[in-house]
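Structure record follows, encoded as structure tokens.
Throughout, a chain's letter reflects where its sequence line sits, starting with A, and its residues are numbered from 1.
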Amino acid sequence: MVPNGGEIMAIKDLPMDEYILKGHAACPGCPATIALRITLKALGKKTILIVPACCSAVIQALHPHTAFNVPTLNIAFEASAAAASGVAAALKMLEKKDVLPVVWAGDGGSYDIGLQALSGALERGTDFIYICYNNQMYSNTGIQRSGATPYGAWTTTTWTGKKERQKELAEIVMAHHIPYVATATIAYPEDLYEKMKKAKEMKGPRYIEILSPCPPGWRFDMSKTVEMSKLAVETGAWVLYEVINGELKFTGYSKRILEGKERKPIEEWLKMQGRFRHLKPEDIEKIKQQLDEKWQHYKKIYGGKE
Amino acid sequence: MKKQIKFYSGNIAAAEGALVAGCRFFAGYPITPSSEIAEHMALRLPQVGGVFIQMEDELASMAAILGASWGGAKSMTATSGPGFSLMQENIGLGAMTETPCVVINVQRAGPSTGMPTLVGQADIMQARWGSHGDYEIIALSPFSPQECFDLTIKAFNLAEEYRVPVIVLMDESVGHMFEKVVIPPKDKIKIVERKKPTVPPEKYMPYKAEDFVPEMACAGEGYNVHVTGLTHDEKGYPQATDPEVQDRLVRRLCDKIRKNEKKLRDIEEYEMDDAEVAIVSFGISARSSKAAVRLARQRGYKVGLIRLKTIWPFPDEYFEKLADEIKKFVVVEINYGQIKLEVERNVGRDKTFLLPKMGGEIHKPDEIYRKIKEVYNGN
């Protein structure tokens, strides 16, 4: 059921259908579960989820024995996009055009161990949606660094803070010339919903990455998940955009920043998180500098189009 | 330096053992229940001038420790079932290129994802046969945090001595168990280093071995070494179409372990002097077995325990000899019969009994005792 004639203005306009059942195994305040709930509202019942090793492999249990109300194929850590290729090929062969294979993977399974399979599937033009819910670390195994962990962040394998910058997986994905790439976060559920909806209507490989602030991993209070997601966008630590057939458009608050709105000081976001507690002023300076470079780059893209 | 007494988990003890053995490079990837080893190495290696790298997956971890070993460092990785599977190709390369390194597998219940947080002992055969082709490997199995420390040092020593990847087959229970660990004074710990070439570069033959194990020149030592997974001759050059070279190489790779089985043998015998029935066990299962032997002895059963600390190479000769003295063997392991196959091969099918567990829990001494009674009384 879709209220308000199908136009999504606010959360209350999202479909009432629930594909995450009441009673899952996530930590309190888990953003991945919120993101998946909204995602499945957009993608609907005829979705096959393909899940590698990640928090969601654990989260999906409970209810009476699973919390996921759609068919789910759990696959080895490195292999989700490859498995999706198999699912997509079988669906094509059986002419089941209304069933959608969707990978739901964490950043470890996407940025690191799963990158080869992801790249392969994108290059082959696999007809599927790949969603990376990015909590910037290996949360499931107890907070180790990943390729998505930002500079300076503490993890159990970066005791004095990570010395390297995170990579930009969405930009690596863009280099595969696929029809749709988007970023989102749960602070803007309508934006996330609309992007999922848009992806669903397209064919070929589609990639969506959702920033997912993890309370136990980032060391913040479980009641602050949404706030943390919102601040990430407002400070420019996370950027919202979509790329349709190669054309990049910034969306929501990120677009407003490029239109001249001041970015909130990054300290506001860093200070809320225990993983950045050890940072010295010079580290914060370095983070600011990296952020400025990033936004200079975005400005060039944005300005170039106007 | 005096001896130190610590309160360590098996995982931490193994990491500390590696450092004492001279390990200065660790490449790893997070996986339960072994992640604490990587986390501890991430903390400790920089303190002793070593390098820790978190890799993008286990293929990379295994490849990185081979690379580090050829770069001249003692290197190690740690993982569990699924990660161990991903390492197999490069473990085979390590065996073929005779690269000293240590792989810790903290076993969990499989197959596949299985029970990530719970105990298993079902990677015994994979440790031996996991990579393709004919090769031999050394695998050790600790049953306490103390032994995690001791056997990890031993693993490094054997890797250096035999130039082979050595696998420490821990299990989740031993890895997460906290116990007293005694760290002996430094001068009381034996540390072995790889044999270095004694001849000038122009006379050096990287794969010519007098005594099964060739001398190893590493990067930056002035020797031009060609390291390849292709079949190679004594000079290290590929001879991928010559069956005679293949015969010489594979025979030596296997014989350097097989013919040294007696030297590598490490068995604890418990109450075996007058035993008529012997339990065969290892790792955490051997601890329950020990308790069961005590229970059985109190009730007059002549039972002993054979605890394997070296799992591979398997002590064939030892069991062959015992077959005449011991009436029955009960193998206690957390899998559906892997070491049992090895025992059976040596002492015969009719003398071998299995008390398996599929994983997720350890044996209770009671159930082992009941099995002893049953086997003893011939039921």
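The environment of A/Gln290 atom CD is dense: over 12 non-hydrogen atoms of other residues, nucleotides or ligands sit within 6.0 angstrom. Summarising the local packing, CD of A/Glu168 is surrounded by more than 12 heavy atoms from other residues, nucleotides or ligands at distances under 6.0 Å. Annotation: B/Lys180, atom NZ; neighbour count of heavy atoms from other residues, nucleotides and ligands within 6.0 Å does not exceed 12. When the shell of 6.0 Å around CZ of B/Arg24 is examined, it contains more than 12 heavy atoms from other residues, nucleotides or ligands.
Of the candidates A/Ile113, A/Ile143, A/Thr141, B/Pro30 forms a side-chain contact (heavy atoms from CB on, under 4.5 Å) with just one, namely A/Thr141.
For chain A, the nearby parts of B/Thr32 are the backbone and the side chain; heavy atoms of each come within less than 4.5 Å. Heavy-atom distances place the backbone of B/Ile31, and not its side chain, under 4.5 Å from chain A. The part of A/Phe77 that comes within reach of chain B is its side chain, from C-beta onward, which places non-hydrogen atoms under 4.5 angstrom from that chain.
No donor-acceptor contact under 3.5 angstrom links the side chains of B/Gln54 and A/Gln144, judged on distance only.
Here the side chain of A/Trp159 pairs no donor or acceptor atom with the backbone of B/His40 at under 3.5 angstrom.
Of the residues considered (A/Thr156, A/Thr160, A/Thr158, A/Asn74), A/Thr156 shows the highest number of contacts with chain B, using heavy-atom pairs under 4.5 Å.
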**Q.** Criterion side-chain contact (heavy atoms from CB on, under 4.5 Å) on B/Leu86 and A/Glu78, from CA distance to verdict
**A.** CA-CA 10 Å; B/Leu86 288 179; A/Glu78 66 282 9; 3.5 Å; yes
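Here the shortest heavy-atom pairing between B/Tyr29 and A/Asp112 reads OH-CB, 4.4 Å.
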